[in-house]
Amino acid sequence: TSDMDDLETQLKAARADGARHIMIATDGVFSMDGTLAKLPEIKALADQYGALTMVDDCHATGFMGPKGQGTPAHFNTSVDILTGTLGKALGGALGGYIAGPQPVIDLLRQRARPYLFSNALPPMITAAGIAALKLVEEGDTLRAQLFENAAHWRKGLTDQGFTLLDGEHPIIPVMLGEAQLAQDMARALDKRGVYVSGFFFPVVPKGKARIRTQMNAALTRRDLDTALQAFAEAGHEVGAL
Ligand SMILES: *Cc1c(COP(=O)(O)O)cnc(C)c1O
């Protein structure tokens, strides 16, 4: 819930406990809601209390911020440790990264379990990751298309009467409430050729079941309008509208 008062309470408690190091860890973008962490406020509190900041940016890498540099860049701020995946927006590749100060990286090379006890990425996957990063660097047009698609999709669903969570991120949850309704809706959409999956407890809180849609730069206006039509029909069929 991005409760900054609570964060400050915890920082004070850590200081009072005599903590040697304090780190605030957060997702850059929260995967189930598509909401952004309040990084400028988090950074200000971190500076005030001498804490490090760590952002897991898996749902931002490649498309949020200038050149797809992620949520800190989106907010024109910086963090101490930034992690991302090559497996989501960068599609097809596998693996991820942790960027941070050299002492942190040195420590992780000795202590990070998956790093120590797993095989390295195979060369073809690494090559695909490098190729994907090149596409990201040159991807201003695709990013613009992505956010245009997201805006069109949000407006289309809102105009039909669906309840969305506010935002601009391409993760666009359609809120349905009860798990049963989310499952019925997924089935009714599947029947119409639109594949979605319902998310319900324990993945999201009870009573906040949803269908989590995600935009994609490759979808055409026609694709989106076809899917919007299916959402309208399915919504009426199952009583979500
Ligand atoms: C997907 C995800 C990961 C894991 O990424 P993989 O590349 O699949 O291992 C980590 N953190 C968050 C927030 C994620 O959404």
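Computed from a prediction, not measured in an experiment: that's the story for all the values here. Note that ligands are numbered from 1 as they come in the structure, with each ligand's atoms numbered from 1 the same way. Numbers for residues simply follow the sequence, beginning at 1.
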Heavy atoms, side chains only, cut-off 4.5 Å: are Arg143 and Met64 in contact? no
Could you tell me if any non-hydrogen atom of Gly87 lies under 4.0 Å from any atom of ligand 1? no
Between the side chain of Asn149 and the main-chain N/O of Asn216, is any donor-acceptor distance below 3.5 Å? yes
For atom 9 (O) of ligand 1, decide whether some protein heavy-atom distance is shorter than 4.0 Å. no
Check each heavy atom of Cys58 against ligand 1 and say whether those closer than 4.0 Å belong to the side chain, the backbone, both or neither. side chain
Return the orientation label for the Phe231 and Trp153 ring planes: parallel under 30°, perpendicular over 60°, tilted otherwise. perpendicular
SB check Asp166 Arg154 (cutoff 4.0 Å): no
Exam field: side chain Asp80 to backbone Met54, donor-acceptor pair closer than 3.5 Å: no
Provide, to 0.1 Å, the distance between atom 11 (N) of ligand 1 and the closest protein heavy atom, together with that atom's residue and name. Asp56 OD2, 2.7 Å
Report, in ascending order of atom number, the atoms of ligand 1 lying under 4.0 Å from any heavy atom of Thr85. 5 (O), 6 (P), 7 (O)
Arg15-Tyr49 side chain donor-acceptor pair, cut-off 3.5 Å: no
Tell me which part of Asp27 gets within contact of ligand 1: side chain, backbone, both or neither, using heavy atoms under 4.0 Å. side chain
Note the single closest protein heavy atom to atom 14 (C) of ligand 1, along with its residue, its atom name and the distance in Å. Lys88 NZ, 2.7 Å
